[in-house]
*Asks:* 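Take this structure, written in structure tokens, and hold onto it; I'll ask about it next.
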Amino acid sequence: DVMLLRCYYSLRLALRLFHLQSKGPLDAADIDKAAEEIEGHLSAIGSTVIRVSLMQMLFALLFVRRSHLKSSRSVPSAASPTGLGTHPNSFLATAALLSPLLLVLANALH
């Protein structure tokens, strides 16, 4: 189904941005191009259920903490009493990625 392919490519593109970001700073033009492509896929999905599911997955990705990707046996961070850390660097998404992708999600709600 084409709608599921659009979901797959949107998630793949978002994950690729996270991967590239982990290697170094991303060019703003590359982020904007990817965000436009994700927005195009979102707007072309006709099923509300599939669109909302994709939006939920993208939103969840934006707030993944680095500590979530580490082994559960690792020692909690001392950054906060809960061990989750509240410093912006504890999140996978930097501000450069967060802003454009949140804008995509906000636009998809209209």
Side-chain angles (χ1 to χ4, degrees):
D1 191 36
V2 175
M3 287 186 287
L4 293 177
L5 282 173
R6 289 188 181 280
C7 287
Y8 168 77
Y9 284 115
S10 295
L11 286 173
R12 182 177 168 201
L13 187 54
L15 289 171
R16 185 169 186 271
L17 283 174
F18 283 103
H19 174 72
L20 291 174
Q21 172 191 265
S22 72
K23 301 213 178 278
L26 292 174
D27 183 41
D30 292 336
I31 294 172
D32 290 341
K33 181 180 174 188
E36 286 176 21
E37 190 172 338
I38 291 171
E39 189 168 5
H41 287 306
L42 260 171
S43 66
I45 295 173
S47 168
T48 303
V49 173
I50 294 174
R51 184 183 306 171
V52 169
S53 295
L54 175 58
M55 290 172 63
Q56 286 176 324
M57 286 185 265
L58 290 170
F59 188 80
L61 275 175
L62 293 176
F63 297 99
V64 169
R65 295 177 187 271
R66 294 181 192 283
S67 62
H68 291 156
L69 301 179
K70 295 180 182 175
S71 169
S72 61
R73 289 184 239 145
S74 64
V75 178
S77 167
S80 75
T82 61
L84 294 176
T86 55
H87 193 273
N89 290 338
S90 69
F91 294 97
L92 283 180
T94 62
L97 260 182
L98 186 64
S99 299
L101 292 179
L102 279 175
L103 187 59
V104 165
L105 293 174
N107 288 342
L109 292 173
H110 291 85

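None of the values given here were measured: they were computed from a predicted structure.
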*Asks:* I need the minimum non-hydrogen distance between Ala95 and Pro100, along with the two atoms involved.
*Replies:* O-CD, 4.3 Å
*Asks:* Side chains of Leu42 and Ser10: closer than 4.5 Å at any heavy-atom pair?
*Replies:* no
*Asks:* Got a sec, which pairs hit ring-ring contact (aromatic ring centres under 6.0 Å, His included) with one end in residues 35-61, sequence neighbours left out?
*Replies:* Phe59-Phe63
*Asks:* Considering residues at least two apart in sequence or located in another chain, which fulfil the side chain to side chain donor-acceptor pair (under 3.5 Å) criterion with Asn107?
*Replies:* Glu39
*Asks:* Same cluster or not: Val64 versus Leu17, using hydrophobic residues (I, L, V, M, F, W, Y) connected whenever any side-chain heavy atoms lie under 4.5 Å apart?
*Replies:* yes
*Asks:* Working to the nearest 0.5 angstrom, can you tell me the gap between Ile45 CD1 and Leu54 CG?
*Replies:* 5.0 Å
*Asks:* Establish whether Tyr8 and Val104 are linked, either directly or via other cluster members, by ILVMFWY side-chain heavy-atom contacts under 4.5 Å.
*Replies:* no
*Asks:* Which residues pass the side-chain contact (heavy atoms from CB on, under 4.5 Å) test with Leu13, sequence neighbours left out?
*Replies:* Ala34, Glu37, Ile38
*Asks:* For the atom pair CG (Leu26) and CD1 (Ile31), what is the distance rounded to the nearest 0.5 Å?
*Replies:* 4.5 Å
*Asks:* Tell me which pairs pass side-chain hydrogen bond (donor to acceptor under 3.5 Å, both in side chains) where either residue lies in residues 46-63, with sequence neighbours left out.
*Replies:* none
*Asks:* I need the full list of side-chain hydrogen bond (donor to acceptor under 3.5 Å, both in side chains) pairs touching residues 11-35, with sequence neighbours left out, sorted by first then second residue.
*Replies:* Gln21-Thr94
*Asks:* Please lay out, stage by stage, how Leu62 and Leu105 fare under the test side-chain contact (heavy atoms from CB on, under 4.5 Å).
*Replies:* CA-CA 11 Å; Leu62 293 176; Leu105 293 174; 4.1 Å; yes
*Asks:* Rounded at 0.5 Å granularity, tell me how far CG in Leu101 sits from CG in Leu61.
*Replies:* 9.0 Å
*Asks:* To the nearest 0.5 angstrom, please state how far the CG atom of Leu58 sits from the CG atom of Leu15.
*Replies:* 8.5 Å
*Asks:* The criterion is ring pair (Phe, Tyr, Trp, His ring centres under 6.0 Å); which residues satisfy it with Tyr9, sequence neighbours excluded?
*Replies:* none
*Asks:* Any link between Leu5 and Met55 through a network of hydrophobic side chains (Ile, Leu, Val, Met, Phe, Trp, Tyr) touching at under 4.5 Å?
*Replies:* no
*Asks:* Atom CG in Leu11, atom SG in Cys7: separation rounded to 0.5 Å?
*Replies:* 7.0 Å
*Asks:* Determine, using the 4.5 Å side-chain heavy-atom cutoff (strictly less than), whether Leu109 and Leu103 are members of one ILVMFWY cluster.
*Replies:* no
*Asks:* I need the minimum non-hydrogen distance between Arg6 and Gly40, along with the two atoms involved.
*Replies:* NH1-O, 4.4 Å
